[in-house]
Structures are given as structure tokens and as C-alpha cells.
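Everything on this sheet refers to the single structure shown next.
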Amino acid sequence: MSLRLFNTLTRSVEDFVSLEAGRVQMYACGPTVYNYAHIGNLRTYIFEDLLRRTLEYLGYSVEHVMNVTDVGHLTDDADEGEDKVIRSAREQGMTVWEIAEHFTNAFFSDLDNLDVIRPTIVCKATDHIQDMIGLIERIEAKGHTYISGGNVYFDVTSFPHYGELAMLDRQNLQAGARVGVDENKRNPADFVLWFTNSKFERQAMVWDSPWGRGYPGWHIECSAMSMKYLGDKFDIHCGGVDHINVHHTNEIAQAEAATGVHPWVRYWLHGEFLVLDKDKMSKSLGNIMTLSSLTEKGYDSMDFRYFCLGGHYRSQLQFSPEALDAARSARLSLLDRIADFRRRADSVPEHPEGKAAAYLSDFTSRMQDDLHVPQALSVLWKMIKDTQVPPEQALSAIGFMDRMLGLGLIENTAEENLEEELSRLIEERNAARKNRDFERADTIREDLEKRGILLEDGPDGTRWKRKR
RNA sequence: GGCGCCGUACCCAAGUGGUAAGGGAGAGGUCUGCAAAACCUUUAUGCACCGGUUCGAAUCCGGUCGGCGCCUCCA
């Protein structure tokens with residue numbers, strides 16, 4: 001069975017074949033670090049993590065490159081959110097560089113909390129200005145640029161493949177429909193490679209270049225860095241759907257114009273949006289929803305990961321507190337059941353057999369079919385509820401499944417030891433129950449609950465578990 | 001204004017021609033001193049609405065209404 005992925009280039013599901021057997025090179029668009037990542041951003045990184053985990057599960061060695069864009073969007077412009085950052089930077093006496101570092105750290109901390117495996121290479125835009133200048137020079141040498149109003153522009157008419165990814169009809173692109181026209185452009189789709197003449201004041205980061213002191217355009221960093229680390233041709237490029245029309249379209253133009261190699265990237269994968277309540281999303285209210293805002297309410301980061309696994313990556317996912325609660329309950333129930341398997345299991349075989357093996361195979365085929373995680377999850381639940389699957393077999397299969405899901409199903413269900421004092425209380429309660437002193441027994445149970453220990457009396461005796 | 005996507009039970013959500021996965025929540029029951037957990041049963045003759053194609057449609061086509069995304073930094 002092979003991996004099949006939906007390729008935005010062709011708008012269809014294709015068999016995935018890597019350029020080099022057993023090795024996958026993938027580039028994932030990273031954050032622009034001028035603010036905290038919100039949960040919608042994080043959904044996309046979770047999607048990319050599922051892709052990476054599945055590739056690795058299937059035996060590929062994955063080179064996973066991610067940029068951190070710490071230039072370009074850090075100065076003031078008309079956007080209110082950015083004003084706020086500048087304001088807070090000023091208030092806190094931080095430079096834009098410090099702001100970038102702060103939000104970069106916050107970003108990776110979020111990913112760690114979500115058990116998103118870190119990229120093999122993380123590259124900062126400001127460390128690669130010379131690479132960007134070099135790439136612009138190559139594009140210029142091939143005759144795809146012009147200089148106007150002090151800025152270096154990419155001439156989209158010089159690049160016949162322009163807009164293929166987005167399936168743009170260039171004739172019908174309407175300039176200035178929602179934004180002012182840049183008078184320097186020959187064609188509305190043209191875009192800046194290098195600015196020397198900023199439309200923003202207070203530009204905080206500038207570098208020398210053959211075209212004058214200035215800073216790079218919005219799209220060049222991804223082309224330059226991905227090509228630096230992955231070469232002129234590589235397997236997968238992914239990001240959010242919002243990147244298709246402009247960012248990725250322009251990245252392709254830049255890369256292919258410079259090298260003449262087509263296609264530059266073979267598979268383009270895009271994650272759909274998490275849809276929030278309008279109120280919650282309102283920028284004017286300033287309450288973008290972050291992962292920490294969820295954990296502050298008592299959710300575990302992994303509740304959010306589980307929630308994201310409930311929808312397919314190419315469908316919009318409707319976020320609501322109720323939906324997150326449902327994910328939380330489901331996840332905790334899953335952990336409880338697995339913990340129970342672990343108590344009942346003898347030794348867990350390295351590979352599952354029989355029915356468990358069949359479930360694993362079913363699960364894997366759903367994952368291989370364009371990462372149909374919701375279906376894979378339903379297979380996991382079916383296996384868990386199938387009384388014909390012995391616990392040690394189920395555990396063996398779950399171990400493999402979780403390598404793709406990344407829910408910590410094995411790590412978070414290990415047997416724990418209870419403090420001696422608490423164990424003694426449980427024994428005391430059981431003695432009380434034997435003597436039919438239920439008042440005493442219930443008092444102890446309530447006391448333990450206050451200390452985070454829940455008791456369940458079963459036919460095999462009393463079990464305890466920690467409140468989550 | 002242009003391009004594209006979506007509308008499935010109380011909620012989230014799979015399902016793209018063959019008769020509605022899964023999870024959460026709710027209801028009833030078994031078990032239990034009680035509780036919890038678990039288990040059993042139950043919750044869409046119907047998939048926004050209207051019309052069409054077909055032996056057969058949630059799935060294809062047309063229209064209507066509603067929601068979302070991109071066209072501007074954006075996951």
C-alpha cells in the first residue's frame with residue numbers, strides 16, 4: 001500500500017512518490033513572529049505533524065525544514081494587531097529583535113506542548129538575507145525583474161507558469177478590488193522582491209544590497225531558505241490554504257524563474273482553517289485565542305490536539321468550547337480505557353496479531369489515504385471496544401497507531417505508585433466497607449477526591465486514578 | 001466585483017452513486033451499600049431547500065437560501 005496525498009497543484013489525490021527512495025524532503029511555512037500563534041495557526045502545524053509522523057511511520061527519513069519569519073512584518077502598518085505589538089514593545093522597552101525572539105520561543109513552546117515533533121531544520125529569515133539577495137540576483141539575471149519606484153519587482157508576465165497552483169486566471173485578476181493599487185507595478189500581480197523605498201515608516205530592519213539599503217519582499221525568504229536546505233527540487237511543501245493564491249504562487253515563481261526547474265516542488269499540501277466564533281476571532285476585541293488561553297481554563301494542550309484530529313485537514317473545522325469539551329472527554333476516556341488495558345495485560349507483543357493486527361492495518365490504510373485521521377480514530381475506538389481483542393494485543397496495536405496520532409496514548413497511561421498515606425486510606429476505607437460503615441467509607445472517598453484521587457469499586461477490588 | 005469551498009442528529013464530525021463511521025451530550029437498563037467506571041439499549045426512513053438525471057443520490061446536474069475562505073500580512 002502506498003501513500004496517497006491531495007496535491008493542490010492538480011486538485012486531486014495522487015500516489016506519493018519521493019524523489020529519492022526512502023527519503024522525503026518537506027518544507028513547512030512557519031510563523032511570522034510578531035504575535036502569539038493562535039489555535040487556528042496551531043491546527044496547521046498539527047496537520048503537518050500528522051503528515052510527518054505518517055511519513056516516518058511508513059519508513060521514510062524526513063528532512064523537515066521550517067522558516068521563522070522575523071523580518072518584514074515587524075514594523076508598523078495599517079493593521080491594528082501589529083500596532084499593538086509595536087506599542088507593547090515600546091511599553092516593555094523591547095526591540096523588534098527581542099519581540100521576535102520572544103514569540104519564536106512562545107511558538108515552539110506551544111508546539112512542544114502539542115507533541116508536534118520539531119522540524120529537523122528551523123531557519124530564521126534574518127540569518128539568510130544574503131541567500132535572499134543571491135536568489136534575487138539569479139532571478140534578475142534571468143530577466144524576470146524590473147526596478148520601479150526604488151523597489152525590485154518580479155514581472156509575472158515573464159513567467160508563463162505563473163498562477164498555476166492557484167489556478168489563477170490572470171486576465172480576470174482585478175487590481176485594487178480591496179486594496180490600493182501600487183502605482184509602481186506594471187501588472188497587478190507583480191510583487192516586490194526587494195524594498196528600498198518602504199511604504200512604511202519606522203522600518204526597523206534594513207540591510208545593504210545591490211539595489212540599495214532596504215529589506216526583502218514578503219515571499220522571498222521561503223524560496224531562498226527552502227532551496228538552500230532542500231535544493232532546486234524537492235518533495236513536499238505545505239502550509240495553510242490562505243497561502244495558495246499569493247504566497248506559494250509567488251514562491252513558485254521566484255524559485256522556478258531562478259532555476260528554470262519545473263516543477264520546483266512536486267506535492268503542495270494545504271491545511272484548511274479552524275473556524276472560530278466571530279466574537280472570539282474579532283481582532284478589534286484583541287482576543288485571539290491562544291493555546292495558553294485554553295490551558296488557563298483547565299484544558300490540556302492535548303485536548304486541543306485531539307480536537308483537531310476529529311476533522312480532516314482539508315475541511316474547515318468549527319471550533320467551540322462545547323466541541324473542545326467533547327474532545328476532552330473523549331481523550332480522557334481513551335486514556336482511561338488504555339490504562340485499564342495496561343493493568344490487565346500480560347506482556348505486550350512487539351507486533352499485534354489476529355484481530356488487533358487487522359485493526360492496525362485498517363487504521364494505517366486510512367492514514368495512507370490522504371491522512372484520513374477521523375476515520376483512523378474511529379478504527380481505534382472500534383478496536384478498543386472490541387471485547388474479542390485481548391488487552392496486550394490492543395496495546396501493541398495502539399503503540400503503532402499512536403506513532404501516527406501523537407496523542408501520548410502509551411506514555412500517559414503508565415502505572416503510577418500511590419503515596420503510602422493515600423494507599424493506607426484506601427485500605428482503611430475497604431475495611432470500613434467490610435464492616436458496613438458506609439458513612440466512614442464515603443468520608444474517606446470524598447477526602448481522597450479532594451486530593452485528586454478518584455475511586456472505583458469493582459468486582460476485583462477498589463481501583464484509583466488521578467483526576468485529570 | 002472576481003475565484004474557490006461548505007451546509008449531515010442536541011454538539012463536533014466521517015461518508016462523493018447502492019441505502020447514514022466515530023466521539024461528546026441526553027434517555028432507559030444491568031452491575032453497585034451508594035457513587036464512579038464499564039456494559040446493554042436508545043437518539044437522522046433521512047443528509048439546508050426546490051427541481052432534474054438514474055433502477056438507485058447525502059453523494060451527479062441546475063436553481064434558491066445560508067455560512068466560510070482567498071483576491072492584503074495571515075495557518
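Below, read A as the first sequence line, B as the second, and so on, with proteins coming before strands; counting in each chain starts at 1. Scope of the values below: all heavy atoms of this structure, side chains included, with no hydrogens, waters or symmetry mates.
- The C1' atoms of B:U19 and B:G46 are separated by 11 Å, rounded to the nearest whole Å.
- A:Asp303 meets the salt bridge (Lys or Arg N to Asp or Glu O under 4.0 Å) test with A:Arg328, A:Arg331; sequence neighbours excluded.
- Comparing B:G17 with B:C12, their P atoms sit 26 Å apart, to the nearest whole Å.
- Between A:Asp340 and A:Arg463, at least one side-chain nitrogen of the basic residue sits less than 4.0 Å from a carboxylate oxygen of the acidic one, meeting the salt-bridge criterion.
- Using a 4.0 Å heavy-atom distance criterion, A:Asp336 is classed as making no nucleic acid contact.
- Within a heavy-atom distance below 4.0 Å of RNA chain B, the residues of residues 374-393 of chain A found are A:Pro374, A:Gln375, A:Ser378, A:Trp381, A:Lys382, A:Lys385.
- Contact record, A:Met26 with A:Cys238: CE-SG, 4.1 Å, taken as the closest heavy-atom pair.
- Per the stacking criterion (ring centres < 5.5 Å, plane angle < 30°), A:Phe273 stacks onto the base of B:A75.
- The local environment of CZ in A:Arg436 is sparse, with at most 12 non-hydrogen atoms from other residues, nucleotides or ligands closer than 6.0 Å.
- For B:C34, the base has a donor-acceptor partner in the side chain of A:Asp457 [N/O atoms by modelled type, under 3.5 angstrom].
- Using a 4.0 Å cut-off, no side-chain N or O of A:Asn245 falls inside it from OP1 or OP2 of B:C70.
- With A:Asp190 contributing its side chain and A:Val156 its backbone, the two residues share a donor-acceptor pair below 3.5 Å.
- Each of B:G33, B:A75, B:G24 was ranked by its minimum atom distance to the side chain of A:Ala330; first place goes to B:G24.
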Would you sort out whether A:Lys382 and A:Asp362 count as a salt bridge (charged side-chain N to carboxylate O under 4.0 Å, His left out), showing the intermediate values?
CA-CA 11 Å; A:Lys382 271 184 190 156; A:Asp362 190 10; over 6 Å; no
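- With sequence neighbours excluded, no residue satisfies side chain to side chain donor-acceptor pair (under 3.5 Å) with A:Trp264.
- For the pair A:Arg440 and A:Glu428, the salt-bridge criterion is met [side-chain N within less than 4.0 Å of a carboxylate O].
- Toward the 5' end of RNA chain B, the nearer of the two residues A:Ala323 and A:Gly458, judged by each one's closest nucleotide, is A:Ala323.
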Polar pairs (N or O, both sides) under 3.5 Å between protein and nucleotides 7-10 of chain B?
none

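- The separation between A:Glu272 atom CD and B:C74 atom C1' is 14 Å, rounded to whole Å.
- Among the heavy atoms of the strands, none lies under 4.0 Å from A:Phe47.
- Residue contacts shown for A:Ile244 are absent, as no nucleic acid heavy atom lies under 4.0 Å away.
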Can you give the dot-bracket line for RNA chain B, using ( ) for pairs inside the strand, [ ] for pairs that cross earlier ones, | for pairs with another strand and . for unpaired bases, where Watson-Crick and G-U count if both distances are under 3.5 Å?
((((((((.[[[..)..(...]]]((((((.......))))))....[[[[[..)....]]]]])))))))....
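- In the set B:G24, B:G33, B:A75, B:G24 carries the atom at the smallest distance from any side-chain atom of A:Ser329.
- Taking the C1' atoms as reference points, B:C71 lies 31 Å from B:A14, given to the whole Å.
- Contacts classified as salt bridge (charged side-chain N to carboxylate O under 4.0 Å, His left out) and involving residues 103-113 of chain A (residues at least two apart or in different chains) are given here: A:Asp112-A:Arg118.
- As rounded to whole Å, 12 Å separates atom C1' of B:C73 from atom CG of A:Asn41.
- For residues 383-393 of chain A, every residue pair satisfying the salt bridge (charged side-chain N to carboxylate O under 4.0 Å, His left out) rule, not counting sequence neighbours, is listed here: A:Lys355-A:Asp386.
- Distance check on atom P: B:G62 versus B:G67 gives 22 Å, rounded to whole Å.
- Remark: of the listed residues A:Asp402, A:Asp300, A:Asp115, A:Asp49, A:Asp49 is the sole one forming a salt bridge (charged side-chain N to carboxylate O under 4.0 Å, His left out) with A:Arg305.
- Residue A:Gln318 has its side chain nearest to B:A13 when only B:C74, B:A13, B:C71 are considered.
- Contact annotation: A:Arg43 side-chain N/O to B:C74 OP1/OP2 distance is not under 4.0 Å.
- Between B:C65 and B:C49, the distance separating the two P atoms is 16 Å to the nearest Å.
- Partners of A:Asp127 under the salt bridge (Lys or Arg N to Asp or Glu O under 4.0 Å) rule, at least two apart in sequence or in another chain, do not exist in this structure.
- Rounded to whole Å, atom P of B:G69 lies 12 Å from atom CG of A:Leu274.
- Residues from residues 304-314 of chain A with heavy atoms under 4.0 angstrom of RNA chain B, sorted by number: A:Phe307, A:Gly310, A:Gly311, A:His312.
- For A:Asn250 and B:C70, the CG to C1' distance is 13 Å, given to the nearest whole Å.
- At most 12 heavy atoms of other shown residues, nucleotides or ligands fall within 6.0 angstrom of atom CD in A:Glu101.
- For the P atoms, the distance linking B:U30 with B:G23 amounts to 24 Å, nearest Å.
- A:Arg451 meets the salt bridge (Lys or Arg N to Asp or Glu O under 4.0 Å) test with A:Glu421, A:Asp447; sequence neighbours excluded.
- Legend: residues meeting salt bridge (Lys or Arg N to Asp or Glu O under 4.0 Å) with A:Asp155, ordered by chain and number and at least two apart, are absent.
- If you find the closest nucleotide of RNA chain B to A:Asp442 and to A:Pro31, the one lying nearer the 5' end belongs to A:Asp442.
- No contact: A:Arg463 has no heavy atom under 4.0 Å from any strand.
- Counting only heavy atoms from C-beta on, A:Leu317 has its side chain closest to B:C12 among B:C12, B:G23, B:G69.
- The aromatic rings of A:Trp218 and A:Tyr215 sit tilted, their planes meeting at an angle between 30° and 60°.
- The separation of B:A9 from B:A20, taken at their P atoms, amounts to 16 Å, rounded to a whole angstrom.
- Taking 3.5 Å as the limit, the base of B:A35 and the side chain of A:Arg445 contain a donor-acceptor pair of atoms between them.
- Salt-bridge formation is not detected for the pair A:Asp442/A:Arg429: no Lys NZ or Arg NE/NH1/NH2 atom is positioned less than 4.0 Å from an Asp or Glu carboxylate oxygen.
- Side-chain atoms of A:Asp370 come within 3.5 Å of backbone N or O of A:Phe6 as a donor-acceptor pair.
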Could you write nucleotides 26-31 of chain B as a row of B, S and -, 5' to 3', where a protein heavy atom under 4.0 Å of any base atom gives B, of only sugar-phosphate atoms gives S, and otherwise -?
------
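- The side chain of A:Ala326 lies closest to B:G24 when the candidates are B:C74, B:G24, B:C68.
- Comparing B:G7 with B:C11, their P atoms sit 15 Å apart, to the nearest whole Å.
- Within the nucleic acid shown, A:Arg429 comes within 4.0 Å of at least one base atom, counting heavy atoms only.
- Heavy atoms of A:His372 sit under 4.0 angstrom from primed sugar atoms or phosphate atoms, though from no base atom.
- A:Lys450 NZ: 12 or fewer foreign heavy atoms inside a 6.0 Å radius.
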